[in-house]
2 protein chains.
Amino acid sequence: MSHKVTIADIARELNLTGATVSRALNNRKGTSEDTRKLVQAAAERMNYHRDRIAYSLRAGRTNIIGVIIPSAEINFFGSVIHGIENMANNHGYNVLIYQSNELPEFEQKGISTFLGSRVDGILASVAKETTNFRHYLEIKERGLPLVFFDRANDSLNIPSVVVDDYKGAYYATEHLIHQGYQRIAHIAGQQHLKIFRDRLEGYKAALSANNMSIEDDLIYNGNVSIEAGRQAIRHFLELSNPPDAVFAVEDFSALGAIKELKDRQIIIPADFGVVGFANEAFGEHITPSLSSIDQQTVQMGKEAFKLLLELIEEGKGAVKYNTKSKIILEPVPVFRQSSQRRG
Amino acid sequence: MSHKVTIADIARELNLTGATVSRALNNRKGTSEDTRKLVQAAAERMNYHRDRIAYSLRAGRTNIIGVIIPSAEINFFGSVIHGIENMANNHGYNVLIYQSNELPEFEQKGISTFLGSRVDGILASVAKETTNFRHYLEIKERGLPLVFFDRANDSLNIPSVVVDDYKGAYYATEHLIHQGYQRIAHIAGQQHLKIFRDRLEGYKAALSANNMSIEDDLIYNGNVSIEAGRQAIRHFLELSNPPDAVFAVEDFSALGAIKELKDRQIIIPADFGVVGFANEAFGEHITPSLSSIDQQTVQMGKEAFKLLLELIEEGKGAVKYNTKSKIILEPVPVFRQSSQRRG
DNA sequence: CTGAAAGCGCTAACAG
DNA sequence: CTGTTAGCGCTTTCAG
């Protein structure tokens, strides 16, 4: 059980004082080369690890950042965490995780424990159900660095890293047009979420830019689920003038669309084109493979950490929140079988 | 910026002393009802949050556990983390994450920072490349609670939570037999990993129990990848007496097998049955949908935390590591189209 | 019931 | 170059 070894232990061992040992360990100037070596050897030998709790209390910083995500079970967030943690690790930071499970109460609780834990900064992706952002503003008021990723709220003037949803949707729709589809529909997501609104806008813009009309009948308001995708197709096919392609707001509704089309013996992509959004893992493996828009998840995590780190270092207690610090990642189209009927 | 409010601030405000405030806040006995109310109201009003760093230094515990995973990008681990974090949260613990990226050096580094961070316990899933377990033993020697999940090492006498790989493989193989397949092959994984060895054993046992012979030609030694699955099928179909079904060590090799069989116009499941292992998300959506064995990931995370918590609470500095504490979860068969040709 | 004092382990300021 | 002292914010003796 060998009592945890502290600086005092090393000092006693070497007939020195704690201060000297501390200086030697941290290579502070004002220590002779000799004692420095002596101390470091002893530390090694005695298997000393600096106590970060004590250090943090003293230094006023923990080298820990807190990350709030809706759920670690969602692929997307696992991937972002991967980017965040690796980058953080490179810079000497550790990552504390908290899941909101999409509920604002949990978000609030997570923020509260993060504040108590004295994390040096917070990265967050907002829960779907969150409409009141008071708890996020509290972070800001405390002068603690905060960066949103993916699910941001622009009106709060908080830095963020997001993918360009508008552009991604534009690419997807334009691609369908280039593939010769004549009537392109859209399966939309919940419109109270900005990311889904942006995708709808991108879809519309691409149509307009190509002199195609925007028709309400061709925009199905669902949610992000396989079932919504099936329902959308049922709705579309009942129209007197049905579409021949669809851009779905994300991959699961695209998947539902594909399933429904296959059930109805409609050939993809020859008779009907489908593009999703998110580039989920399954897309590559289904038949036909799903065209989609990659969101640069790992990159997003890395950028988010880097931005947070800048704020931490620049800030030192007084962070300047300016809207300038908004990083918009370029979405990457991944076009596969479900939409390619040319070439 | 309002200087962070501390116990001293509240004490000053109320003309009390820090000790009293502390007692009142924590509902310690030996405080009058009146002052208690007074203090708690003031704390609320002044927006006081207890500083966990200072508390931890004093108390010798952080209420933080460290979790080492190979990569957050792997679905499986995201899902386990989900279970761990939710359960930890319920019990007042926070979760620090560290990715080994499958490298023992990183594992070592993670453990080192966890020790420095004075986490109350560690959960770990061993990196593929790890062969020397010295760093894990160090945790044990320090008396810090440690629990392995999924990728464990039984010879170290460290508690663990795993799924019963042997049984899962047995179920999978037996199922194929019950479906009337005559010659059942196996795509094996790297045999230096226990989980893969166990699956091979389960496969063999099921064959033997059903009076079917075990043939070396029907066991393909690959790794866990789509390409390995394809290669295995190529190998099997070249045999003079080829198999008519395969149990793959995990879903990606099963996927490769399915792709190769489809390319060769072999009908699944009528002419060839396929079962995988892991129940990855894509399995449900491919055509034909993939039969697999679910590993109870979320449950695994929950059990792992619960076991760790027991060790933490029982231990209080002197943990008893006994082999008794090994939790083996029941694998859950999920049979879909790729293997069902009856009923 | 409340106050004074000490200490968790570390580092920075000030002396020597 | 090294030692002494103090303090980060909290809780827990021990007195009063």
Side-chain angles (χ1 to χ4, degrees), chain A residues 2-40 42-43 46-64 113 115-120 142 316-317, chain B residues 2-40 42-43 46-64 113 115-120 142 316-317:
Chain A
S2 57
H3 180 58
K4 196 172 173 324
V5 30
T6 79
I7 283 190
D9 296 328
I10 300 180
R12 204 173 309 116
E13 183 84 2
L14 301 178
N15 263 324
L16 285 172
T17 172
T20 310
V21 173
S22 170
R23 278 187 288 249
L25 285 173
N26 296 305
N27 289 314
R28 286 270 171 292
K29 59 182 173 186
T31 356
S32 77
E33 188 64 21
D34 286 356
T35 47
R36 193 177 302 184
K37 275 186 182 159
L38 214 62
V39 168
Q40 297 189 349
M46 299 171 72
N47 197 17
Y48 167 83
H49 293 263
R50 149 149 118 217
D51 187 319
R52 282 181 63 184
I53 300 296
Y55 171 81
S56 294
L57 183 58
R58 180 74 241 254
R61 65 205 311 278
T62 53
N63 274 32
I64 290 178
T113 85
L115 290 176
S117 296
R118 288 233 214 144
V119 297
D120 292 344
R142 288 216 181 195
K316 295 303 175 202
Chain B
S2 56
H3 181 57
K4 196 174 174 322
V5 30
T6 80
I7 283 191
D9 296 329
I10 300 180
R12 204 173 310 115
E13 183 84 2
L14 301 177
N15 263 323
L16 284 172
T17 173
T20 310
V21 173
S22 169
R23 278 187 287 249
L25 285 173
N26 296 305
N27 289 313
R28 286 271 172 292
K29 60 183 173 184
T31 354
S32 77
E33 189 64 22
D34 286 357
T35 47
R36 192 177 305 184
K37 275 185 182 159
L38 214 62
V39 168
Q40 297 189 348
M46 300 170 72
N47 197 17
Y48 167 82
H49 293 264
R50 185 234 232 108
D51 187 319
R52 282 181 62 184
I53 300 295
Y55 170 81
S56 294
L57 183 60
R58 180 74 240 252
R61 65 202 314 276
T62 53
N63 274 31
I64 290 178
T113 85
L115 290 176
S117 297
R118 287 231 215 146
V119 297
D120 291 344
R142 287 215 182 195
K316 295 304 176 201

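Residue numbering restarts at 1 for every chain, and letters A, B, ... go by the order of the sequence lines. As a basis for the values below, the full set of heavy atoms in this structure was taken, side chains included, without hydrogen atoms, waters or symmetry mates.
The nearest whole Å value for the distance from the CG atom in B/Leu25 to the C1' atom in C/dT2 is 15 Å. Taking atom CE on A/Met46 and atom P on C/dG9, their separation rounds to 13 Å, with Å as the unit. Distance, B/Leu115 CG to C/dG9 P: 15 Å, rounded to whole Å. Computed from coordinates, the B/Arg28 CZ to D/dC10 P distance equals 14 Å when rounded to whole Å.
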Which protein N or O atoms sit under 3.5 Å from an N or O of nucleotides 13-16 of chain C?
residue, atom, partner, partner atom, Å
C/dA13, N6, A/Arg23, NH1, 3.3

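In this structure, the side chain to side chain donor-acceptor pair (under 3.5 Å) partners of A/Asn27, at least two apart in sequence or on a different chain, are A/Gln40. Here B/Tyr48 pairs with B/Val5, B/Ile7, B/Ile10, B/Leu25, B/Ala43, B/Arg50 under the side chain to side chain contact (heavy atoms under 4.5 Å, CB included) rule; sequence neighbours left out. For A/Thr113, there are no side chain to side chain donor-acceptor pair (under 3.5 Å) partners two or more places apart in sequence or in a different chain. Here A/Thr35 pairs with A/Ser32 under the side chain to side chain donor-acceptor pair (under 3.5 Å) rule; sequence neighbours left out. Residues forming a salt bridge (charged side-chain N to carboxylate O under 4.0 Å, His left out) with B/Asp120 (at least two apart in sequence, or on another chain): none. Residues satisfying the side chain to side chain contact (heavy atoms under 4.5 Å, CB included) test with A/Arg118, not counting sequence neighbours, are A/Leu57, A/Thr62, B/Lys4, B/Asp51, B/Ile53. For B/Ser117, the side chain to side chain donor-acceptor pair (under 3.5 Å) partners two or more places apart in sequence, or in a different chain, are A/Arg52.
Residue contacts shown for A/Arg118 are limited to sugar-phosphate atoms, with no base heavy atom under 4.0 Å away. Looking at heavy-atom distances under 4.0 Å, B/Ser22 makes contact with a base.
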Which side-chain N or O atoms in residues 12-24 of chain A pair as donor and acceptor under 3.5 Å with protein atoms at least two apart or in another chain?
residue, atom, partner, partner atom, Å
A/Arg12, NH1, A/Asp9, OD1, 3.3

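For residues 49-58 of chain A, proximity to DNA chain C is found at A/Arg50, A/Asp51, A/Ala54, A/Tyr55, A/Arg58, defined as any non-hydrogen atom under 4.0 angstrom from a strand atom.
End-to-end axis angle of the helix from C/dC1-D/dG16 to C/dG16-D/dC1, from C1' rotation axes over five pairs per end: 50° (rounded to 10 degrees).
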